[in-house]
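Below is one structure, written out as structure tokens; comments come after it.
In what follows, every heavy atom counts, from backbone to side chain, and hydrogens, waters and symmetry copies are set aside. Remember, it's 1-based here, ligands and their atoms both numbered in the order they're listed.
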Amino acid sequence: MTAPDIDLAAAKLRRQLADRLTAAGWLRSPQWRAAVEDIPRHEFVPRFYAETDRPGLTTWTPVTKALAGVDEWLRLIYADETLITQFDGQELDWSSPQPISNAHPTSSSTLPALVVRMLEDLDVNDNTTVLEIGTGTGYSTALLCHRVGAIRVTSVETDPDVAARARGALAHCGYRPRLLTRDGLAGAPEGAPYDRTIATMGVRSIPPAWVKQTRPGGLILSTLRGWMRSLGLVRLTVGDDNHARGRFLSGDPSFMIARQQDAPESLGMIPGPDEGNTRTTPHGPALLNMPDSGFVAQLAMPNARYFAMPADNSTMNTYVLDATNDAFAVLSPSDNDGWVVRQGGPTRLWDDVEKALALWHAADSPGPTEFGVTVTPGSQHVWLGSPDGPSWRLPTDL
Ligand SMILES: C[S@@+](CC[C@H](N)C(=O)[O-])C[C@H]1O[C@@H](n2cnc3c(N)ncnc32)[C@H](O)[C@@H]1O
């Protein structure tokens, strides 16, 4: 296929992608539809890794024009899929690419449905100034440039190699927004105040710089996440005096966490068999994996992680560990179909989970959209129902 043929085929696939995103309800406005139809994603993600569906281990397969053939290469790029472009913060060796497993994606072009849904939720007009955190491939930056003009877009990427590629692709498409290579948790004071701040990575709490650099009345759109799971997408309206408040728009989207906020490598101290106090509990570890109760558990234990390991008597124990203070809860099945929890350390992790679950059940166990976030200069809370309702602190001493 010649270059003009590729452009024609890609344009057709973009129209089809736009049709699918419109039918699914993610793409709602003609302006964002025009951006999706015009921006060539293949210029931003010419080679990438695609997730291979296989039971068990997640495996990613390299995709380039040469490896896949032009038709398949374009089909994959304009499918509604996340395309991984970096693992473990290391540049990929494209001289002889191999399938990858047991690795941690650190940069990607996000699922188009999620990108456009967030852009629609950003509620921009032709004159809106936008700060984007997490440039990645530059694809979402290009959509923003198309919509509001590159002069109104500032985008920050922490990884110099990733940032350099995005800069090249954006320039190739004729866009020269303000691109900065640094830790975006500090925002970008040079373009402040912004009307909108959007993050395409997850954060454990809203960085104060984003609140400070977004004008009062402006919006911050970001996913919040913990070390166990994502809490979901939150949209905050900035008020006066560095305050912000808003609700979760949904609980499902999950972004890779800001690199500077990744969990410590060590899971924490595994408690000895005689440590801690034991009691029965009706709540087993399955709740940690379920969407809504998992959300509540993440709020109740912001620094915890968990894993299962067989005990000597071949029952499966679940260890919930807080690496920041060595608190632990070990869950084991009991003889009468319930659970036993053994807890120790400076806080009682499972007590905290049960208290949070009781408050949540008392409110009829709502989904994430019934929760909201209040940010003040000194603290951040997720609340249930209303700002005066039950609340949980987000970690801000990061
Ligand atoms: C999911 S990707 C971004 C997707 C991107 N918007 C796109 O359309 O291609 C997340 C990006 O955030 C970057 N990132 C992680 N921590 C960051 C930080 N503290 N500041 C700025 N960028 C960060 C990662 O290097 C990665 O490139």
Under 3.5 Å: N or O atoms of ligand 1 paired with protein N or O:
from     : atom 1 : to     : atom 2 : distance (Å)
ligand 1 : 6 (N)  : Gly134 : O      : 3.2
ligand 1 : 6 (N)  : Ser140 : OG     : 2.7
ligand 1 : 6 (N)  : Thr200 : OG1    : 3.1
ligand 1 : 8 (O)  : Ser140 : N      : 3.2
ligand 1 : 8 (O)  : Ser140 : OG     : 3.1
ligand 1 : 9 (O)  : Ser108 : O      : 3.1
ligand 1 : 9 (O)  : Thr137 : N      : 3.1
ligand 1 : 9 (O)  : Thr137 : OG1    : 2.6
ligand 1 : 16 (N) : Arg259 : N      : 3.1
ligand 1 : 19 (N) : Asp183 : OD1    : 2.8
ligand 1 : 19 (N) : Gln260 : OE1    : 2.6
ligand 1 : 20 (N) : Gly184 : N      : 2.7
ligand 1 : 22 (N) : Thr158 : N      : 3.2
ligand 1 : 25 (O) : Glu157 : OE2    : 2.6
ligand 1 : 25 (O) : Arg259 : NE     : 3.3
ligand 1 : 25 (O) : Arg259 : NH2    : 2.8
ligand 1 : 27 (O) : Ser107 : OG     : 2.7
ligand 1 : 27 (O) : Glu157 : OE1    : 2.8
ligand 1 : 27 (O) : Glu157 : OE2    : 3.4

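- Among residues at least two apart or in separate chains, side-chain hydrogen bond (donor to acceptor under 3.5 Å, both in side chains) pairs with a member in residues 353-372 are Arg279-Glu354, Thr281-Glu354.
- Side-chain N/O atoms of Thr135 and Glu157 include no donor and acceptor closer than 3.5 Å.
- Through side-chain heavy atoms spaced under 4.5 Å, either directly or across other Ile, Leu, Val, Met, Phe, Trp or Tyr residues, Ile100 is tied to Tyr49, Trp60, Ile84, Phe87, Leu92, Trp94.
- Aromatic pair Tyr319/Phe307: centroids less than 6.0 angstrom apart.
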Result block: side-chain N/O donor-acceptor pairs under 3.5 angstrom for residues 109-119, not counting sequence neighbours:
from   : atom 1 : to     : atom 2 : distance (Å)
Ser109 : OG     : Arg41  : NE     : 3.1
Ser109 : OG     : Arg41  : NH2    : 3.1
Arg117 : NH2    : Ser250 : OG     : 2.4

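- If you chain together hydrophobic residues whose side chains sit under 4.5 Å apart, Leu13 and Trp26 fall into the same group.
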